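Take a look at the structure set out below.
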Amino acid sequence: MDSDSYISILNPDQKKAVVHEGSPLLILAGAGSGKTRVITTKIAYLIAEKHVDPFSILAVTFTKKAANEMKERAVSLEPRAEYAQIRTFHSWGSYFLRTHASDAGIDKNFTVYDDDDMVTLLSKAVPSLSKQQASVAAHKISLAKDYCYTPDSEDLYKISEDPSFRDIYDAYERRLRETGNVDFGDLILLPYLVLKNNDFVRHELHRRYRVIMVDEYQDSNVAQFKLLHILSGIDESDDSFPGSYVCVVGDDDQSIYKFRGADINNILNFQNQFPGTALVRLETNYRSSSEILACADSVVKNNEGRLGKTLVSARGKGKIPTLVFLPTQDDETQFCAEIIEQAHSKGISYSEWAILYRTNAQSLGFESEFLHRKIPYSIVGSLKFYEREEVKDILAWISLIANPKDEIAFRRVVNKPARGIGNASQDKIIASGRGISLLEGWENVKLSKKCMEALADFCESVKECQSLLSEQSQEKLSSFIENVIKKSGLEEHYAAQDEIAGTQKIANLQELINSAVLYPCSMQGLLDFMDHIQLDRTIENEEEDSSRDCVTLITLHNTKGLEFPRVIITGMESGIFPREDKSGEEIEEERRLFYVGITRAQNELYLTSCGLRRLYGRTNYMSPSPFLNEIDKDLIRVIGEAPVSFSSEDPELASIVKKYKKGVCVYHDDYGHGQIVHAETSDEGEYVISVKFETGGFAKFLPKYQSKSLIVED
């Protein structure tokens, strides 16, 4: 495609970002502002107009879906973009480690351990840990790697103040290195360490990557920033190597993944970390109406940690957002069902609607209500194909075939189906073959005759499968996977389970076979296939659901990157959203999460808040989310009885209302223990509460004047 044609359709700010060159560039891309178009157009423009070798371009993002879309769109504009490296961060890390395995101290045929594998390995490395302790420690190890902390790092105490954590981390690392494998944190940490400590490899990559681009930069963690920084060569630039051209695209207002290690300071401080950075703001929104954007802006502007921008709708005016106050969560589910049914009766499809919530547990009420009313729905994020038992078993088999030192894979499948090779026998086998192939060297281990025979049969089966891989084979990898399923004994094992329980385990294994049809039946084909599935283990929805006309039920975190014509954000209550345990910077992230939810809506936005909600087996009185008070009252239409704490503009009164709200338990010197059962603002503007005491009596109070005699109980 001619570059003039694809640049001419850009707005002025988008064009400014695309044609920029020289200094580092930060593109601050607001929600729905066309950032993917900008980054893909920039790749095409660099190749076609600036004659940049596509081989020297590295563009990274965070999900395979985003990386695939980026590559497809770039190639459609400029076919030579096919030769640029457009990958996820972790995919690039895997590619680097396969190329520089010896420098990283790992096996070139490594597999990537997931969270469960980490816990299992840690339990073996530190047997004194309970399963729960190992799970907590594994999470902290992952977090440490996100911050580029090794077991001997001075700052490791920032992850855990437990003096034993350093030894636990060290024991895990030694055991992991013995297997030759890596975990997800290693896919970023190990490349960084290799580049930091190996001048030759670092300079080699500096010569190769002259352009480095990062999408969704607000989601990057410290280790990813350090990797970007060292790859760019900015600290080593001289006349012979001026440093790579670095361009990052992101939105500080959509940084919502701190729990995954994301550090918003990466984007907030980018201009300081990369001196001379140019800043381009993309503020034209092509998704939402101006009323929805105004609502979003009125909330997020309360954050201090932001670079600042104001979105302008390219679509113009639309329907004003609606805030609905409801008595209970049951009323909430009924309200949502009714407006969806009413819209459907007028020809609006179910798929135009999305119900958003802060936690997965909130979906249950909607599921029950929709089932009762026969409203079709799908839950995004509920299905994790690669975490199913039968699928993980076959993945363990092929991991062991690729790397016979893989202890975790060996333990998972050596006694499944049961072969009489228990944990004690497994420990002896692994102890004898640690650091080498687990298929060899066990003949001298003292085991029962039956166990030895079973082990010999198992090892022979693995070797037979290995022999099926050949660089000259004309077969596809799918036939290899099918053979593994048969030779492992798992086909018969799961067929029996399907017959007994009516499950679909064999069908799932068939789906795994189908997914391997695009790969050659060779060791390299197997490794490519493993990378494909290990770096993207979850699928958010079954493919057949994508064409169904159904309402989407989804957590706010899962909505990132999505859009829906009609959105309902539910559970807008203090303690639900934001959560009670949030404060400081965490409140700012919760506010950004609300901003993300609002900006998913294209045409209509509803917010619901309940007075009563069942939590942890109890019915709780709820107060509206403080975020609702941040929305300019002129920007929303209110339905239902608004609580005093929402309608009050007096800070002192709002504080009193929050403290002495309905449902709160109190103590009075004269009346004893009681509970607030009613609260209202009088015609004179005074806040009045009614308390029912354990003695059976009732009394009214004015907390503004009687707070000293009316003590709120914890």
Side-chain angles (χ1 to χ4, degrees), residues 63-65 68 111-117 119-120 184 360 363 367 376-402 406 408-419 458 461-462 464-465 468-469 475-521 525-548 550 552-554 558:
T63 68
K64 185 189 291 189
K65 179 181 177 182
N68 288 343
T111 55
V112 184
Y113 283 172
D114 64 11
D115 293 344
D116 289 342
D117 296 330
V119 173
T120 301
F184 270 87
N360 277 309
S363 73
E367 292 183 67
Y377 67 90
S378 65
I379 305 178
V380 173
S382 63
L383 179 62
K384 297 183 178 180
F385 178 81
Y386 293 117
E387 291 185 9
R388 290 170 174 161
E389 177 191 14
E390 63 275 20
V391 175
K392 291 197 75 171
D393 286 346
I394 298 303
L395 295 184
W397 258 85
I398 64 176
S399 295
L400 187 62
I401 290 166
D406 191 334
I408 299 301
F410 178 85
R411 287 184 183 276
R412 183 177 183 93
V413 298
V414 70
N415 201 40
K416 191 173 189 180
R419 297 181 177 88
F458 172 80
S461 295
V462 175
E464 285 180 16
C465 291
L468 298 175
L469 294 171
E475 295 284 340
K476 296 297 184 183
L477 193 66
S478 52
S479 63
F480 169 79
I481 301 296
E482 187 171 13
N483 275 312
V484 171
I485 292 171
K486 293 180 184 297
K487 289 182 180 294
S488 66
L490 291 172
E491 181 178 51
E492 185 177 347
H493 174 74
Y494 282 119
Q497 287 193 17
D498 282 353
E499 184 175 349
I500 295 170
T503 51
Q504 298 290 315
K505 295 182 182 292
I506 293 298
N508 293 333
L509 293 180
Q510 183 61 53
E511 188 172 338
L512 185 66
I513 293 170
N514 295 339
S515 68
V517 75
L518 298 177
Y519 298 84
C521 187
L526 179 61
L527 294 175
D528 290 344
F529 176 66
M530 289 164 65
D531 279 350
H532 167 77
I533 58 182
Q534 288 165 339
L535 298 176
D536 190 28
R537 286 202 171 185
T538 61
I539 54 174
E540 292 186 332
N541 236 358
E542 296 278 19
E543 281 194 33
E544 59 265 28
D545 285 341
S546 63
S547 59
R548 286 179 58 212
C550 57
T552 298
L553 304 182
I554 186 171
N558 278 334

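Remember, predicted model here, so these are calculated numbers, not experimental data.
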Sequence-distant partners of Asn483, side-chain contact (heavy atoms from CB on, under 4.5 Å), two or more places apart: Leu468
Do Met530 and Ile398 have side-chain heavy atoms sitting under 4.5 Å apart? yes
Sub-4.5 Å side-chain heavy-atom contact between Ile394 and Val413: no
Looking only at non-hydrogen atoms, find the nearest pair between Leu527 and Ala402 and report the distance. CD2-CB, 4.2 Å
Nearest heavy-atom approach of Asn558 to Val380 is ND2-O, 3.8 Å
Any idea which heavy atoms bring Ala516 and Ile481 closest together, and the distance? CB-CG1, 3.9 Å
Identify, with sequence neighbours excluded, every residue that meets side chain to side chain donor-acceptor pair (under 3.5 Å) alongside Glu390. Lys505, Asn508
Quick one: CG on Leu395 to CG on Leu512, what's the gap to the nearest 0.5 Å? 6.0 Å
Please report the interatomic distance OG(Ser478) to CZ(Phe529), rounded to the nearest 0.5 Å. 9.5 Å
Heavy-atom closest pair, residues Cys465 and Phe480: O-CE1, 3.1 Å
side-chain contact (heavy atoms from CB on, under 4.5 Å) involving Thr63 - partner list, sequence neighbours excluded: Lys65, Ala66
Identify the two heavy atoms, one from Tyr113 and one from Phe184, that lie closest to each other, and give their separation to 0.1 Å. O-CD1, 3.6 Å
As an exercise, state the distance from CG of Asp406 to OG of Ser399, rounded to the nearest 0.5 Å. 5.5 Å
Should the heavy atoms of other residues, nucleotides or ligands under 6.0 Å from CD of Glu367 be counted, would the total exceed 12? yes
Could you tell me whether Asn68 atom CG has more than 12 heavy atoms of other residues or ligands within 6.0 Å of it? yes
Spacing of NZ belonging to Lys476 relative to CG belonging to Leu518, to within rounding of 0.5 Å: 7.5 Å
What residues form a side-chain contact (heavy atoms from CB on, under 4.5 Å) with Gln510, not counting sequence neighbours? Ile513, Asn514
Do Leu553 and Ser378 pass the side chain to side chain contact (heavy atoms under 4.5 Å, CB included) test, and can you show the C-alpha distance, the side-chain angles, and the key distance before you say yes or no? CA-CA 6 Å; Leu553 304 182; Ser378 65; over 6 Å; no
Evaluate the side-chain proximity of Leu469 to Cys521: yes if any heavy-atom separation is below 4.5 Å, no if none is. yes
Please enumerate all residues that pass side chain to side chain donor-acceptor pair (under 3.5 Å) together with Asp528, with sequence neighbours excluded. Gln524
Looking at every non-hydrogen atom in both residues, tell me the closest pair between Pro417 and Gly489 and how far apart they are. CG-O, 3.5 Å
Are any of the side-chain heavy atoms of Lys392 and Asp114 separated by less than 4.5 Å? yes
From Asp116 CG over to Arg412 CZ, what is the distance, rounded to the nearest 0.5 angstrom? 8.0 Å
State which residues pass side-chain contact (heavy atoms from CB on, under 4.5 Å) with Lys416; sequence neighbours excluded, sorted by chain then number. Glu389, Asp393, Leu490, His493, Tyr494
If you round to the nearest 0.5 Å, how far is CG of Leu400 from CZ of Arg411? 12.5 Å
